[in-house]
Amino acid sequence: MTDKQMDQLTYRVSTNLKYYLSKSGKLARQAETEVGVTESQVSNYLAGRRLPNLQNTIRLCKFLNIKLQQLLEDPDNRKPVTADDGDDKYKDYEMYKFIAESLSYRDFQRYKKDYESQRK
């Protein structure tokens, strides 16, 4: 992943975390206790200084009751997620690409299986 792509991904995650945190009415400090991350980690995610690891990303999505796709989508072109979104086999391409680039193949397959089982 290039530096530019990493910057774009960090921007997306940070902006979407702020948006969905606000939309859910939950507080950042609730994420600390319910997701199991530190105050410093949450602050870094929201400020765009760091990306959460995959495990924390999935936990944050569960905490905010959103799909991973929503966290990674372009915030400037945010679209509402509908029930029909589950039928689009290509929609998770970006998420899988991100995971594949940051994990070994074996870990990727394990996380892909876990993620798909959570969607059902």
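Position 1 is the first residue of the sequence, and the numbers go up from there.
Shown here is Asn65, whose CG atom has no more than 12 heavy atoms of other residues, nucleotides or ligands within 6.0 Å. Heavy atoms of other residues, nucleotides or ligands lying less than 6.0 angstrom from CZ of Arg50 number 12 at most. For Gln30, the CD atom counts as densely surrounded, since its 6.0 Å shell holds more than 12 non-hydrogen atoms of other residues, nucleotides or ligands.
Checking Val35, Leu71, Leu21 one by one against Leu64, the side-chain contact (heavy atoms from CB on, under 4.5 Å) holds for a single residue, Leu21. If you run side-chain contact (heavy atoms from CB on, under 4.5 Å) between Ile66 and each of Lys62, Gln69, Gln70, only Gln70 comes through.
Residues Gly48 and Ser14 approach most closely at N-OG, 3.5 Å, considering heavy atoms. Tyr45 approaches Asn53 most closely through the heavy-atom pair OH-N, 4.5 Å. Considering all non-hydrogen atoms of both residues, Ala31 and Val42 come closest at CB-CG2, 4.4 Å.
Between the side chain of Ser22 and the backbone N or O of Lys18 there is no donor-acceptor pair closer than 3.5 Å.
A distance of 14.0 Å separates OH of Tyr20 from CG of Leu60, quoted to the nearest 0.5 Å. One finds the CD atom of Glu34 at 10.0 Å from the CG atom of Leu27 (value rounded to the nearest 0.5 Å). Separating the CG atom in Leu46 from the CG atom in Leu17 is a distance of 6.0 Å, to the nearest 0.5 Å. Rounding to the nearest 0.5 Å places CZ of Arg12 at 12.5 Å from CG of Asp7. Of the inter-residue distances, the one linking Asn16 atom CG with Asp74 atom CG reads 8.5 Å to the nearest 0.5 angstrom. Expressed to the nearest 0.5 Å, how far CD of Gln8 lies from CG of Asp3 amounts to 11.5 Å.
Evaluation of the side-chain contact (heavy atoms from CB on, under 4.5 Å) rule for Ser40 yields Thr38, Asn44 as partners, not counting sequence neighbours. Taking Tyr11 as the reference, Asp76 meet the side chain to side chain donor-acceptor pair (under 3.5 Å) condition, with sequence neighbours excluded.
A side-chain donor-acceptor contact under 3.5 Å links Ser43 and Arg49.
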Exercise for review: Apply the test side chain to side chain contact (heavy atoms under 4.5 Å, CB included) to residues Met6 and Leu51: give CA-CA distance (whole Å), side-chain angles for both, the deciding distance (0.1 Å), then the verdict.
Suggested key: CA-CA 9 Å; Met6 187 60 83; Leu51 282 171; 3.4 Å; yes
